[in-house]
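The first residue of the sequence shown is numbered 1, and numbering continues consecutively from there. What's counted below: heavy atoms across the whole structure, side chains too, no hydrogens, waters or symmetry copies.
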Amino acid sequence: MTNKERVKRIKKALSLGEQEDKGNRYYRVADVLSDLRHYCDENNIDWFDEVNTADLFYDEENDNENNK
């Protein structure tokens, strides 16, 4: 999967940037992150560990794509 495909996937999954407000759409990435942090709290998931792991994945995906 390419990084452009990842962007399309998350945009579709979160309905980011859609004009119609149906109460279940996100308009800012900060809103998504805030809700994800609440989700982690409710499910005893270490938010900071997830963020650190996401950073590692992000760096690896960029390195892989840039080395093609």
Side-chain angles (χ1 to χ4, degrees):
M1 174 178 291
T2 68
N3 289 341
K4 287 186 182 205
E5 291 169 331
R6 288 180 180 92
V7 170
K8 285 181 184 178
R9 178 177 66 175
I10 195 64
K11 185 175 179 179
K12 183 177 179 180
L14 300 174
S15 301
L16 276 170
E18 296 293 327
Q19 295 302 312
E20 287 183 47
D21 184 7
K22 296 185 179 176
N24 61 352
R25 304 216 188 272
Y26 290 103
Y27 296 96
R28 296 178 49 122
V29 172
D31 295 332
V32 175
L33 296 174
S34 176
D35 283 359
L36 283 171
R37 192 164 180 182
H38 289 298
Y39 176 85
C40 286
D41 289 346
E42 282 292 314
N43 291 282
N44 298 316
I45 298 169
D46 186 320
W47 166 258
F48 295 103
D49 186 50
E50 294 299 309
V51 169
N52 289 332
T53 302
D55 284 340
L56 293 172
F57 290 168
Y58 174 84
D59 290 340
E60 183 178 322
E61 291 162 358
N62 277 336
D63 287 347
N64 288 339
E65 191 150 308
N66 291 333
N67 290 326
K68 285 185 179 179

Across all chains, not counting sequence neighbours, the side chain to side chain donor-acceptor pair (under 3.5 Å) partners of N3 are R6, N62

Side-chain hydrophobic cluster, 4.5 Å single linkage: members besides L56: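 Hydrophobic cluster check, L56: no partners found.
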
Linked, directly or transitively: Y58 and V29 (ILVMFWY side chains, under 4.5 Å):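 Shared cluster, no.
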
Approximate separation, where rounding is to 0.5 Å, of K4 NZ and E65 CD: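 One gets 8.5 Å once the value is rounded to the nearest 0.5 Å.
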
Less than 3.5 Å apart, which donor and acceptor atoms pair up between the side chains of residues 36-49 and the rest of the protein, not counting sequence neighbours?
from: N43; atom 1: ND2; to: Y39; atom 2: O; distance (Å): 2.9
from: D46; atom 1: OD1; to: F48; atom 2: N; distance (Å): 3.0
from: D46; atom 1: OD1; to: D49; atom 2: N; distance (Å): 2.9

